[in-house]
Amino acid sequence: MYARDNAKKKAYRTGSSEDWAAYRRKRNEVNLALTQAKINFYQSSISNNINNPRKTWSILNDLMGKKSDNTEISEIVNSSNNTLTDSSEIAAYLNKYFSTIDQNLASKLDQSTVNAKEYLTQSKTTFKFQQVENKKILNLLLKVDTSKASGVSNKIIKFAAPAIYNSLTSIFNKSIEQSEFLDDLKVAKVLPIFKSGERNDANNCRPISVLSCLSRIFERLIYEQ
């Protein structure tokens, strides 16, 4: 680019056709190099995130110049047909709506036709969750993604890993022993994501629950077993 710019200055100064031809050659070299650099960058980025769909889509959207959709909900129409605009009122209404939606769906089912035995079969094998080792907990704590957080910062959790992993191991193993999932680990940050249709209709919002880092670590331990 430096050589191209100097060639352009010289061409303007001399007006020589040879100097303008030299400038155009340098300009073409720069354009070709930029194009190849972008190709290499996106190929490398996609290859390095082949197992991360969220990051892959982010890269592809950036490549296509597609901006992320605005997910902010500025107003909502409640069941009484009143329009809510206060953020706290919107949050409270959506919280109530999402927490009762399963009951509303269940009430529409014909209970006389529901028979679990049609879908479930008796298993002849047995399974029991095993206690986890503290080294496993430490390893998972040190691998948490510090760019994400819900509740306590993941950076703090990762930094404090050597001091807290033994205590967490005891808590998780007691949970496994008693077959109970701690209430505190059930608390999630629920994000209403707009799907389509009218933005002020709660039916058009999809709830995404973001659990804390410790909840996801415990889930990973149980899932692997």
Side-chain angles (χ1 to χ4, degrees), residues 1-75 85 87 90-91 135-165 188-197 199-200 204-217 219-220 223-224:
M1 289 179 179
Y2 182 76
R4 175 203 61 189
D5 293 344
N6 278 342
K8 186 176 184 179
K9 291 177 182 178
K10 183 178 180 181
Y12 268 118
R13 187 172 65 251
T14 65
S16 166
S17 58
E18 290 83 2
D19 289 340
W20 277 110
Y23 157 68
R24 284 190 290 269
R25 285 195 298 272
K26 291 294 182 183
R27 179 198 60 192
N28 294 342
E29 288 177 11
V30 168
N31 291 341
L32 187 62
L34 285 173
T35 300
Q36 189 59 51
K38 288 181 180 180
I39 292 173
N40 294 341
F41 170 76
Y42 284 111
Q43 285 181 340
S44 175
S45 298
I46 293 174
S47 177
N48 292 336
N49 293 280
I50 194 69
N51 295 319
N52 187 339
R54 181 190 296 271
K55 184 63 177 179
T56 299
W57 276 112
S58 175
I59 295 168
L60 291 175
N61 287 335
D62 179 63
L63 176 60
M64 295 183 291
K66 181 180 178 182
K67 296 182 179 179
S68 58
D69 296 329
N70 180 21
T71 58
E72 182 180 353
I73 299 174
S74 57
E75 66 176 39
T85 56
S87 58
I90 293 174
K135 291 182 179 179
K136 177 70 174 179
I137 306 295
L138 177 60
N139 186 46
L140 290 174
L141 288 171
L142 294 175
K143 289 182 177 180
V144 297
D145 187 350
T146 56
S147 65
K148 300 177 181 178
S150 178
V152 180
S153 167
N154 285 11
K155 289 183 179 179
I156 294 177
I157 290 175
K158 189 172 184 177
F159 178 78
I164 65 175
Y165 77 99
K189 181 179 181 181
V190 181
L191 305 175
I193 304 300
F194 172 70
K195 296 184 293 185
S196 60
R199 281 188 172 270
N200 59 2
N204 296 328
C205 295
R206 176 166 56 96
I208 300 296
S209 297
V210 182
L211 289 166
S212 69
C213 172
L214 299 182
S215 299
R216 294 196 296 274
I217 287 177
E219 283 187 342
R220 169 56 58 180
Y223 168 77
E224 289 180 352

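Note that the coordinates shown come from a computational prediction; the quantities given were computed from them, not determined experimentally.
The shortest distance between side-chain heavy atoms of Tyr2 and Asn6 falls below 4.5 Å. Contact of the Leu142 side chain with the Tyr165 side chain is not registered, since no non-hydrogen atoms from C-beta on lie closer than 4.5 Å.
Nearest heavy atom pair, residue Cys213 against residue Asn154, reads CB-OD1, 3.4 Å. Of all the heavy atoms in Arg4 and Tyr23, the pair that sits closest is O-CD1, 3.6 Å. Annotation for Ala161 and Leu141: closest pair CB-CB, 3.6 Å, computed over non-hydrogen atoms. In terms of heavy-atom proximity, Leu211 sits nearest to Ala188 at CD2-CB, 3.7 Å. Closest approach of Glu224 and Lys136 over heavy atoms only: OE1-NZ, 3.1 Å. Ser45 and Asn49 get closest at one heavy-atom pair: O-ND2, 2.8 Å.
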Test Met1 against Leu34 for side chain to side chain contact (heavy atoms under 4.5 Å, CB included), laying out the working first. CA-CA 10 Å; Met1 289 179 179; Leu34 285 173; 3.6 Å; yes

What do the steps show when you test Arg216 against Leu140 for side chain to side chain contact (heavy atoms under 4.5 Å, CB included), and what is the final call? CA-CA 10 Å; Arg216 294 196 296 274; Leu140 290 174; over 6 Å; no

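Annotation: Lys158, atom NZ; neighbour count of heavy atoms from other residues, nucleotides and ligands within 6.0 Å is above 12. By the 6.0 Å contact criterion, NZ on Lys195 is enclosed, its count of non-hydrogen atoms from other residues, nucleotides or ligands being greater than 12. Crowding of Phe159 atom CZ: a count of heavy atoms from other residues, nucleotides or ligands under 6.0 Å not exceeding 12.
The distance from the CH2 atom of Trp57 to the CG atom of Asp62 is 14.0 Å, given to the nearest 0.5 Å. How far NZ of Lys155 is from CG of Asp145: 10.5 Å, rounded to the nearest 0.5 Å. Atom SG of Cys205 sits about 11.5 Å away from atom CG of Leu191, to the nearest 0.5 Å. If you take CD1 on Ile59 and OG on Ser44, they are separated by 9.0 Å, rounding to the nearest 0.5 Å. Put simply, CZ on Arg220 and CD1 on Ile137 are 12.5 Å apart, with the number rounded to the nearest 0.5 Å. The line from CG of Asn139 to NZ of Lys135 is 11.0 Å long, rounded to the nearest 0.5 Å.
Judged purely by atom type and a 3.5 angstrom limit, Asn200 has no side-chain atom pairing as donor or acceptor with the backbone of Glu75. Looking at Thr35, its side chain does come within 3.5 Å of a backbone N or O of Asn31 through a donor-acceptor pair.
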